[in-house]
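Okay, structure first, notes after.
Just the heavy atoms: all of them, side chains too, but no hydrogens, waters or symmetry mates, feed the values below. Order of the sequence lines sets the chain letters (A, B, ...), proteins ahead of strands, with each chain counted from 1.
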Amino acid sequence: MSEKESVNFIEQIIQNDLAEGKFPDGIKTRFPPEPNGYLHIGHAKSIVLNFGLTQMYKGTTNLRFDDTNPETESTEYVNSIKRDIRWLGYDWEDREYYTSDYFDQLYDFALKLIKEGLAYVDDSDSETILEQKGTVTVPGTESTFRSRSVEENLDLFEGMKKGEFEEGSRVLRAKIDMASPNMHMRDPVIYRIKRMAHHRTGNKWNIYPMYDFAHGQSDSIEEITHSLCTLEFENHRPLYNWLIEKLEIYPSRQIEFARLNLNYTVMSKRKLMQLVEKGVVSGWDDPRMPTISGMRNRGYTPAAIRLFCEKVGIAKRENVIDMSLLEFCVREDLNRVAERRMAVLNPVKLIIENYDEHKEEMLPAINNPEDEAAGEREMPFCRELYVERDDFMEDPPKKFFRLAPGRNVRLKHAFIIHCTGFERDENGELVEIRAEYYPDSRSGSDTSGIKAKGTLHWVSARHADNAVVHMYDRLFKVPEPLADKEVDFLEHVNEDSLEVVKGVKIEPSLTESEALKPFQFLRKGYFVRAENSDGDLPTFNMTVGLRDSWGGKNKK
RNA sequence: AGACCCAUGGUGUAACGGUAGCACAUCGGUUUUUGGUGCCGCUAGUCAAGGUUCGAAUCCUUGUGGGUCUGCCA
């Protein structure tokens, strides 16, 4: 797939493990989302890592829903997550697991701890537990319930399970060390009472395990060899290892890497949720969102996202990736696969004065210069066309290669024309450009010997259809919306991130195009037809613009 | 400031005691019937101070800077 010989630190660990013969049956990883939100590009990094590793080094990757909190989880999220992973191009085959499938086993693990005097039921309320926890510099104090007998603990825990106690009245805690410098070792809560239905187990349970008592053991149950997670779980690792040791279960190895951050956007589920709830965007799948579903609607391809995830690398350093890298990856893929079409976003009429008013001809146009197999289509040509308003200047600078009085320009796949005049209305607004064409300059059979510096895209005025285009800009005005903790990130929202362009003229072949199929609108950018049109007209979302060395230069 | 983690061009990421490389971005050139694509090139980096060593981005010490941790969230 790539020419790289350098491997990231996780691959190095795996290579070493394999060299030592530790995993003769192959390695096992897992992708463990909580079904309480939509997947975003940060999750994609983890998905590509976990599935990529087992493709590369022979192994399997499980999909496991970490559904230990019935309050926030639902099957709606389960389904969207599965759809997104499949769309990205990964297959977990029959290995679709749920932490809730392990509730019985986890309960038995808790029993084992209690029996060995390593867990106890605490009747303290949450405020008391918090107070007794101490701080990072002050050791905690032991709960008065810490020394309960095994029998009493067993009895009370059973009562918790049976629903005999109110929510919040008791918890089960591991008995570790209230003076540990690691806060996670100060007798962490491992079970809490929640008398509510779970999206999979229904009303079976009145108690649910905490993440810290479920995640690591779920890895062990599945015999995950390398359990990859983000940096913030580094401090939890000693607890997981303690549980593995005391429970005498499969020793999955946790390795932490830095999560993905992208500039000009936010990545946490909570923050994304706020954007949705405040109506800043139209939903989780708004094309401006860094969610997988948003990016899909924007026209990003799975291959582009995978490429991006490979290019960002895996390391332990906090990072903020440049949006330009994502855009590069998108163009890289789309340039190869997107068929070319012509659309005029800001049209102005162009009259070919010496072209017969009643004549029409069909001109062949290649669909993709990067892919011979994409074939060609025909475009109607006649006396009246539309071209881009920006492609004309009355008094242009010398480096302007487009239309101006007296200048020649090539109409892509058609003829070279000579600009003979133009018309403005009373407001000075350009309303019409006039030109003459050179009949012997037809593309593919040009014998005119005439040169033209620039090439323009166009559509036939008589045949063009109307469309709407959604242009997108970055969601935030600053590279790191979360950087200043004094300022609410919502204040950095770019209110011009969506521009609805009406009056767009598209070539006829675009009228019946299918949703989400990528196109390059020549000289403009990559677009996909939206699944839901804006009114009656076909609507196209801009995925990303073409690189523009003229526009940039011109601005400076 | 208790513990743990991290520190290489603007942004990412390699170099495993022996020539600091790659990608994106930037800038310049070239090709081109897309001012796209392709191709070529420039600019620019080891947080600091000590130590070990023939030799340190790499090992040690200290400092500095950044991150994580005190939910019955995950």
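- Using atom C1' as the reference point in both B:rA14 and B:rG2, the two lie 35 Å apart (nearest Å).
- Both A:Ser445 and A:Phe233 lie close to RNA chain B; mapped to their nearest nucleotides by heavy-atom distance, the more 5′-ward contact belongs to A:Ser445.
- Between B:rC72 and B:rC16, the distance separating the two C1' atoms is 45 Å to the nearest Å.
- Across all strands, A:Leu411 comes closer than 4.0 Å to no nucleic acid atom at all (heavy-atom distances).
- Here A:Glu327 lies out of heavy-atom contact (under 4.0 Å) with every strand.
- Contacts of A:Glu378 classified as side chain to side chain contact (heavy atoms under 4.5 Å, CB included), with partners at least two apart in sequence or in another chain: A:Met362.
- As judged by a 4.0 angstrom heavy-atom cut-off over every strand, A:Ser126 is placed among the base-contacting residues.
- When the P atom is compared between B:rU26 and B:rU19, the two are found 32 Å apart, to the nearest whole Å.
- Near-neighbour residues of RNA chain B inside residues 180-194 of chain A, defined by a heavy atom below 4.0 Å, number-ordered: A:Pro181, A:Met183, A:His184, A:Val189, A:Arg192, A:Lys194.
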Verdict with reasoning, A:Trp458 to A:Leu350, per side chain to side chain contact (heavy atoms under 4.5 Å, CB included): CA-CA 9 Å; A:Trp458 52 275; A:Leu350 169 69; 6.0 Å; no
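- At a threshold of 4.0 angstrom between heavy atoms, the contacts of A:Arg442 include nucleobase atoms, whether or not backbone atoms are also involved.
- Residues that satisfy the salt bridge (Lys or Arg N to Asp or Glu O under 4.0 Å) test with A:Lys162, not counting sequence neighbours, are A:Glu158.
- Evaluation of the salt bridge (Lys or Arg N to Asp or Glu O under 4.0 Å) test over residues 363-372 of chain A, restricted to residues two or more places apart or in two chains, returns none.
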Please tabulate the protein-to-nucleotide N/O contacts below 3.5 Å involving nucleotides 64-67 of chain B, giving atom names and distances.
from   : atom 1 : to       : atom 2 : distance (Å)
B:rG67 : O2'    : A:Glu318 : OE2    : 2.9

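- Comparing the P positions of B:rG63 and B:rA1 gives an interatomic distance of 9 Å, to the nearest angstrom.
- Side-chain atoms of A:Glu327 and A:Tyr300 form no donor-acceptor pair, as typed in the model, at a separation below 3.5 Å.
- Within 4.0 Å of A:His413, counting heavy atoms only, lies at least one base atom of the nucleic acid.
- Considering only residues two or more places apart in sequence or on other chains, A:Tyr211 meets the ring-ring contact (aromatic ring centres under 6.0 Å, His included) condition with A:His215, A:Phe233.
- At a threshold of 4.0 angstrom between heavy atoms, the contacts of A:Thr455 are confined to the sugar-phosphate backbone, with no base atom among them.
- Taking the side chain to side chain contact (heavy atoms under 4.5 Å, CB included) definition, one finds that A:Val121 meets it with A:Asp123, A:Arg148, A:Asn153, A:Leu156, A:Phe157, A:Met160, A:Arg170, A:Leu172, sequence neighbours left out.
- B:rU61 and B:rA56: their C1' atoms are spaced 15 Å apart (whole Å).
- Qualifying ring-ring contact (aromatic ring centres under 6.0 Å, His included) partners for A:Trp242, counting only residues two or more places apart in sequence or in other chains: none.
- For the pair A:Tyr264 OH and B:rG10 C1', the interatomic distance rounds to 12 Å; values are reported in whole Å.
- Taking the six-membered ring wherever Trp is involved, the centroid distance between the rings of A:Tyr437 and A:Phe415 falls below 6.0 Å.
- Across A:Asn182, A:Asp212, A:Asn241, a single residue satisfies side chain to side chain donor-acceptor pair (under 3.5 Å) together with A:His236, and that is A:Asp212.
- Using atom C1' as the reference point in both B:rU34 and B:rA44, the two lie 32 Å apart (nearest Å).
- Nucleotides of RNA chain B nearest to A:Gly454 and A:Gly313 differ in position, and the one nearer the 5' end is that of A:Gly313.
- In this structure, the side chain to side chain contact (heavy atoms under 4.5 Å, CB included) partners of A:Val136, at least two apart in sequence or on a different chain, are A:Met183.
- Using a 4.0 Å heavy-atom distance criterion, A:Asp125 is classed as a base contact.
- For the side-chain contact (heavy atoms from CB on, under 4.5 Å) with A:Leu411, the qualifying choice from A:Leu363, A:Leu456, A:Thr455 is A:Leu456, the only one to do so.
- A:Pro369 comes within 4.0 angstrom of a base, heavy atoms only.
- Counting distance only, with no hydrogens placed and no angle test, the side-chain atoms of A:Gln12 and the base atoms of B:rC16 include a donor-acceptor pair under 3.5 Å.
- Within the 6.0 Å centre-distance limit, the rings of A:Phe213 and A:Tyr191 are counted as a close aromatic pair.
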Might you list the N or O atoms of the protein lying below 3.5 Å from N or O atoms in nucleotides 37-43 of chain B, with each pair's distance?
from   : atom 1 : to       : atom 2 : distance (Å)
B:rU37 : O2'    : A:Asn335 : ND2    : 3.1

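- In RNA chain B, stems built from 3 or more consecutive Watson-Crick or G-U wobble pairs, each with both distances under 3.5 Å, span B:2-7 with B:64-69, B:10-13 with B:21-24, B:27-30 with B:38-41, B:47-51 with B:59-63.
- Rounded to whole Å, the separation between the C1' atoms of B:rG12 and B:rA25 comes to 11 Å.
- Residue contacts shown for A:Leu456 are absent, as no nucleic acid heavy atom lies under 4.0 Å away.
- With A:His457 as reference, A:Glu388 is the one residue of A:Glu388, A:Lys412, A:Arg341 to meet the side chain to side chain donor-acceptor pair (under 3.5 Å) rule.
- Base contact: A:Val171 has a heavy atom under 4.0 Å from a base atom.
- Side-chain N/O atoms of A:Ser6 include none lying less than 4.0 angstrom from OP1 or OP2 on B:rC22.
- Contacts of A:Thr68 with the nucleic acid, taken as non-hydrogen atoms under 4.0 Å apart, involve only primed sugar atoms and P, OP1 or OP2.
- Across B:rA14, B:rG36, B:rU33, the shortest atom-to-atom separation from the side chain of A:Asn8 is found for B:rA14.
- With A:Asp122 as the partner, the salt bridge (charged side-chain N to carboxylate O under 4.0 Å, His left out) test is satisfied by one option alone out of A:Lys133, A:Arg173, A:Lys175, A:Arg192: A:Arg173.
- Classification of B:rG71 as syn follows from a glycosidic angle within 90° of 0.
- Remark: A:His198 engages A:Asp67, A:Pro70, A:Glu73, A:Ser100, A:Phe103, A:Arg200, A:Thr201, A:Tyr208 in a side chain to side chain contact (heavy atoms under 4.5 Å, CB included) (not counting sequence neighbours).
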